[in-house]
Amino acid sequence: MNFADDVERTIEKLYISTKEQTDERILEDAFAALEKSPKAGLPQSEKNIWQNLFNNKITQYAAVAALIIVGFAMFFKSLAPKPTASKQIDTALEKAGNICISKFHADGTEPYEQVWSSKTLKVQLVRTTEDNQVQFALTDIPNKVKMLTYSPSDSIRRELVTEKMVAELEKSMIQNSGLVTFLNSNEIIEEVHWQRVIDPTTTALTPGTKTYDVTPLDEAAPGEAKYQKWRVLANAVTYLPKRAELYAKSESREQYQLEGYTIFSYPDDEEIRVLIRNIFGPAGRSPDEPVYLGTPERN
Amino acid sequence: MLEDERLISELHRGNRQALRQIYLKYKDNLLTIAASLMHDAVAAEDVLHDVFVSFAAGAGKIKLKVNLRNYLVASVANRVRDIYRKKKHPTIGLEQAGQISSDSGDPVQSAIFGEEFRLLADALFQLPFEQRETIILHLKGGMKFREIARMQGIATSTVQGRYRYGLDKLRKVLNGERKK
């Protein structure tokens, strides 16, 4: 066997080590950055300031008064709890039976990726474009089968789906939010900030929606993540997302630039069935005849 | 993992020794990832530098939701993508890297691996960036397809597709090279 046949193992063994001078340069700069970095918890000097303040009688009375005011404010706030926008969107997505997510590049009119996920039919269809080739992949949980084809006229490859894959897919379907990137950004970034924005341009583009900006709070977010923000347009009544735009700016640039956008729709079961039949059913068959292996209707 | 948690806890208190240990533990893996993605050893070192300086600058605020290795690998990948987005990246070549080696201690084997790795690095660079990134993050970054998908904001099946297409292309390119 030559190494081209065992390319995965060869890549795993690929190894480059740093030079000693590189280590010295990086560590020196990293230590300097660490010195300037704000430490977790309060520094000792700040703790002393607080101790001094609380030893003062007047400050003690003021602190008690402030605590009472804060207590009242929290009490009245607790009477009318208001869920955050992210929570409302999360809940709405969890309730949605079917979802279609279409992703576009900033200047694109054709989606480069589409995902149809149906909780009721327990199927997930993914359409991707790679090297100008369109691929459809259907995962059919009830029949534990995955089918792949490069176009509706191409032959269909079938693969068995393992129990582990089924479990993972079912979990992502239950939540639905697992498919929505702006709700997942905190996998890497610890905290994001949701803010309602009034933007007549976006509202005109997608009427009946509320607009939110989702920005990272974490300054220590890795790489470009801290220079990205999402603009999310959700249905003003149901809170189901309709459109999400990803903006990014590089370190030197002040203005955000549109990187890509996502359109959300919520098809019914029949729309998904027809779509699947059109792709995986044999040519010439009526779309009313379920023909592909693993039709959810059969279960 | 427990060791990493302890190091992060020490780092929160500004412990330089903890930062040094994290750097020494992950530097070569991160450099290999950056160099494989960029095909440019000098730029890869700059990426490693920027990632660690940024990591140190935010040390007090870091709260990891993923493991430290994934955090640093994601930082490297994001940084590389950022550079690619800013400008079409010129390449210098991996020959300028400090050392390229295999796990083998045998000098003859190492020589063969050296040549194979050069061919492999060249072949990797012929892949579209997205395919190269997926392969490197999975095989060298130890990231699962699901984790790569979340990081890139795409479906897991797309990541799996990119991995498969990428490997097929690599095999074709490498087999072509061998026939020459």
Side-chain angles (χ1 to χ4, degrees), chain A residues 2-5 7-8 10-19 22-23 25-27 29-41 103 113 115 124 126 128 130-131 135 137 139 168 179 181 184-191 218-225 227 246 248 250-252, chain B residues 12-14 16 19-20 23 27-28 31-32 35-36 45 48-49 52-53 55-63 65-66 71 74-75 77-79 81-82 85-86 97-103 113 116-117 120 135 139-140 146 150-151 153-155 157-158 161-162 165 167 170-171 174-175 178:
Chain A
N2 66 45
F3 87 109
D5 297 325
V7 70
E8 284 164 293
T10 314
I11 292 170
E12 279 172 347
K13 290 173 80 176
L14 191 65
Y15 178 82
I16 303 169
S17 62
T18 56
K19 288 174 280 199
T22 308
D23 294 340
R25 177 173 68 97
I26 294 176
L27 279 172
D29 291 350
F31 287 152
L34 184 66
E35 291 300 318
K36 290 179 194 161
S37 151
K39 309 292 176 293
K103 293 183 181 179
E113 181 186 298
V115 179
Q124 194 172 79
V126 181
T128 49
E130 197 76 35
D131 295 345
Q135 189 198 49
T139 312
E168 275 189 19
L179 297 165
T181 317
N184 281 326
S185 55
N186 60 356
E187 282 293 325
I188 299 293
I189 301 163
E190 179 64 23
E191 289 176 76
D218 189 355
E219 287 171 20
E224 66 181 309
Y227 304 112
L246 175 64
S250 64
E251 286 166 85
S252 54
Chain B
H12 279 162
R13 290 193 281 274
R16 287 163 64 120
L19 181 62
R20 181 189 293 275
Y23 174 77
K27 67 183 176 85
D28 290 343
L31 181 70
T32 307
S36 307
E45 283 188 355
L48 185 69
H49 172 274
F52 265 95
V53 170
F55 178 69
K61 292 180 179 175
I62 289 169
K63 291 178 218 155
K65 276 202 156 188
V66 291
Y71 181 92
S75 302
N78 284 334
R79 181 81 196 149
R81 224 179 306 143
D82 206 21
R85 205 176 48 206
K86 276 186 205 165
Q99 291 169 4
I100 300 179
S101 65
S102 74
D103 295 339
F113 277 124
E116 285 182 347
F117 285 148
L120 181 62
I135 290 171
L139 294 176
K140 287 305 303 176
R146 183 168 43 85
R150 277 194 191 140
M151 199 189 92
I154 55 174
S157 53
T158 308
R162 284 177 180 175
Y165 291 129
L167 283 186
L170 265 184
R171 287 190 191 101
L174 290 170
N175 280 324
R178 286 178 71 86

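Below, each value reflects all heavy atoms present in this structure, side chains not excepted, and no hydrogens, waters or symmetry copies. Chain A is the first sequence line, chain B the second, and so forth, proteins listed ahead of strands; every chain is numbered from 1.
- No side-chain heavy atom of Leu31(B) sits under 4.5 Å from any side-chain heavy atom of Ser17(A).
- Of all heavy-atom pairs between Lys140(B) and Ile11(A), the closest is CD-O, 3.0 Å.
- From Leu34(A), atom CG reaches atom CZ of Arg20(B) across 12.0 Å, with rounding to the nearest 0.5 Å.
- The contact between Tyr23(B) and chain A is made entirely by side chain atoms (from C-beta outward), counting heavy-atom distances below 4.5 Å.
- From Leu167(B), atom CG reaches atom CD of Glu8(A) across 5.0 Å, with rounding to the nearest 0.5 Å.
- In this structure, the separation between CD on Glu12(A) and CG on Leu139(B) is 5.0 Å, given to the nearest 0.5 Å.
- If you measure heavy-atom distances from Leu27(A) to chain B, the contacts under 4.5 Å come from the side chain alone.
- The two residues Val126(A) and Ala155(B) have their closest heavy-atom pair at CG1-CB, 4.5 Å.
- With rounding to the nearest 0.5 Å, the separation of CD in Glu45(B) from NZ in Lys19(A) is 4.5 Å.
- Separation of atoms CG (Leu120(B)) and CG (Leu14(A)) is listed at 6.0 Å; rounding is to 0.5 Å.
- Listed by chain and number, the residues in a salt bridge (charged side-chain N to carboxylate O under 4.0 Å, His left out) with Arg146(B) amount to none (sequence neighbours excluded).
- Closest of all the heavy-atom pairs between Val53(B) and Ala30(A) is CG2-N, 4.0 Å.
- When each of Thr139(A), Ile26(A), Leu246(A) is checked for heavy-atom pairs under 4.5 Å with chain B, Ile26(A) comes out on top.
- His49(B) and Asp29(A) make their closest contact through NE2-OD2, 2.6 Å (heavy atoms, listed as atom of the first residue, atom of the second, distance).
- Considering only heavy atoms from C-beta on, Ile16(A) stays 4.5 Å or farther from Asp28(B) through its side chain.
- Arg25(A) is linked by a salt bridge (charged side-chain N to carboxylate O under 4.0 Å, His left out) to Asp46(B), counting only residues two or more places apart in sequence or in another chain.
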